[in-house]
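Just so you know, these numbers come straight off a predicted model, no measurement behind them. Each chain gets a letter, A, B and so on, in the order its sequence line appears, and its residues count up from 1.
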Number of protein chains: 2
Amino acid sequence: MAVRLQDVAERAGVSVRTVSNVVNDFPHVRPAVRERVQQAIADLGYRPNMTARFLRGGRTGMIALAVPDLSVPYFAELAGYMMRAAQGHDLTLLIEETDGDREREVLFLTGSRSSTIDGLILSPLTAEAEDLTGPSRSVPVVLLGERTYDEPLDHIAIDNVRAAREATAHLLHLGRRRVAAVGARPEHDSRMADLRLDGYHQALAGAGVARDDSLVVATPWFTRQDGYDAVVHLVRSDARPDALFCFNDLLALGAIRALADHGLRCPEDVAVVGIDGIEDGAFSVPTLTTVAPDMAGIASRAVDLLVARIGGRDVGVPVDDVADFALVVRGSTGGPGRSGS
Amino acid sequence: MAVRLQDVAERAGVSVRTVSNVVNDFPHVRPAVRERVQQAIADLGYRPNMTARFLRGGRTGMIALAVPDLSVPYFAELAGYMMRAAQGHDLTLLIEETDGDREREVLFLTGSRSSTIDGLILSPLTAEAEDLTGPSRSVPVVLLGERTYDEPLDHIAIDNVRAAREATAHLLHLGRRRVAAVGARPEHDSRMADLRLDGYHQALAGAGVARDDSLVVATPWFTRQDGYDAVVHLVRSDARPDALFCFNDLLALGAIRALADHGLRCPEDVAVVGIDGIEDGAFSVPTLTTVAPDMAGIASRAVDLLVARIGGRDVGVPVDDVADFALVVRGSTGGPGRSGS
DNA sequence: CTGAAAGCGCTTACAG
DNA sequence: CTGAAAGCGCTTACAG
């Protein structure tokens, strides 16, 4: 059924070696021969069998990106950037949704699919160090986000403490004094939440504002619904915040929705800041002030690093890379894009 | 480096055939032998080489989903459903972002990656019939969405005319008489837009409301920004709509943002309906009334169908499957989740 | 119930 | 510059 190299060779009257040379653009093939081979390829509609090539070469040309949930806009947008970065290296990107499930986070590392890819970019929630190192690991890994390990592993993230500090400081500069922190102690990523809480506390301290633990709201996850529930909690508990620093944009979007339901104006009564820089926030009502990580930079850095590791190039000891971010001021803190209603 | 079947065989003192039998759970292996083999597998940390298995078996165990843009929430959410559907068949789902680029839409069908997958689920914007049929096509394809072809091809979509009719009728039932249609004649999918425009016109006719072409707004794409711009256009043109039927949720979300910027209350001054049922609409201000296709059903149907084709099972002639949808009434047309401000 | 051997389609030393 | 041949790691008729 399938047209093989051999078929092309026979038709062109040369050896498979020569056909292979033509297919792979090797030099030292006489122009006349090259042309005859190319004609045969066209006639037969030959396309190389990647599987065979991979088996022979030991590489698959595929890398995987494993994120918790694609319907989280941050991960969906990041996946797009990763895809483009991978294309730049002629790699196919496989995307895996893990739901934070430990087994699925390391599926490509230790599971039956491990021979399918050359490397993995993982945004882990529950993977343990032993899953990522040890003999069962078969391919290089680059880690994304805040879950950190004692073992030396390549890792890329923004400086969460600083990001949180700047987000909170922005609210304090506006004159807000009762700034709530929304997103503490989530079930899925307490490390990241702890760092952002640190930054929040540092900003308060820097502005000479006393802590008030009734303004710190824990959420189970980082969803819109969790942000909504957090505001309901704040309203009921009579904590009276005049601003919300939400640990991500989805929490912030859910919080804005809840403020509207409770007759609280945003930003007049309660200003809101998030983190992630997802596109939704540019069109919400009001538009959302956010700390936007440099997703393109994170993606290209992650892929570059992984490619270097795959190639066995000496990249030095495992890298702990700090990605850029920018504070984007919009309607939810009085910038452009106010609700207008 | 890698542990092979052969290594396991040597350690267990059996032939590779026997090891293969154990690995693949074949019967007729004596319990004692089976145990010895399993011990050897554990000792050596053997994992089967998928690439070799694929080369031998002619299948890769992977299918691809090709969508225009993952940062479009509808596609991101759909991808999640597809992933779960694929898992149910023990298939790995490869996701490809095409940007509507013809070459990338058929990359897995005709390009160098074609031998990587067993089948493709494609949401096409620009692919031509000749790309999808003809001798260059190497694997089965299931098409999603409204781009249709004369050739017989498997295809799944909602009934767009009916969906648009019901969305528009909902606005008319509310007593609105100046219902605008937002999303006509986009560059990327005029077929789908035409169907939705048809449904819009049918609903108007059914309610005895005269058409007014100044209320039909063309948009280049289906983005939030396009929805925003459409409202700006309507405001400037003095068309004075009292409702908007937006051809998708992103347009609707952008439109709501623009209404706010122009001091128009939603739903009081202008009610809004979208199509897609993306999660964003459940938390926007106001929440968004939408026509929600049964994404889970579409995903499982698409994967089931593709699996049947891959298996060569007789599924009959190419299927033209009509997926379910539901009208979800929310704040933007006076349902629960009003802005509250 | 198990062993020896062919072959999936490629790439690449090894000769010439 | 090109040909004949081995081998990547697996599965599976074919014997026994």
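Comparing D/dC14 with D/dC10, their P atoms sit 23 Å apart, to the nearest whole Å. Distance check on atom C1': C/dG16 versus C/dT12 gives 16 Å, rounded to whole Å.
Residues B/Q6 and B/E10 have side chains that bring a donor and an acceptor to within less than 3.5 angstrom of each other.
Minimum heavy-atom separation, A/L70 to A/A79: CD2-CB, 4.2 Å. In this structure, A/Y149 and A/R147 approach most closely via the heavy-atom pair OH-NE, 2.9 Å. When all heavy atoms are compared, the tightest approach of B/I298 to B/M82 is O-CE, 4.4 Å. Across all non-hydrogen atoms, the minimal contact from A/P140 to A/R309 is CB-CB, 3.7 Å. Residues B/R36 and B/G13 share a closest heavy-atom pair of NH2-O, 4.5 Å. The heavy-atom pair separating B/M295 from B/L78 by the smallest distance is SD-N, 3.8 Å.
Counting only Watson-Crick and G-U wobble pairs whose two key distances fall under 3.5 Å, DNA chain C forms stems of three or more stacked pairs at C:1-3 with D:14-16, C:5-12 with D:5-12, C:14-16 with D:1-3.
When atom types are taken as modelled, the side chain of B/H155 and the backbone of B/L144 share no donor-acceptor pair closer than 3.5 angstrom. Listed for the A/T51 side chain is no donor-acceptor partner under 3.5 Å among the backbone atoms of B/T51. A/N24 contributes a side-chain N or O that, together with a main-chain N or O of A/S20, makes up a donor-acceptor pair within less than 3.5 Å.
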Letter by letter from the 5' end, nucleotides 9-16 of chain D scores (B base, S sugar-phosphate only, - none; protein heavy atoms under 4.0 Å) BBBBBB--
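Within residues 29-39 of chain B, the residues having any heavy atom closer than 4.0 Å to DNA chain C are, in order of number, B/V29, B/R30, B/V33.
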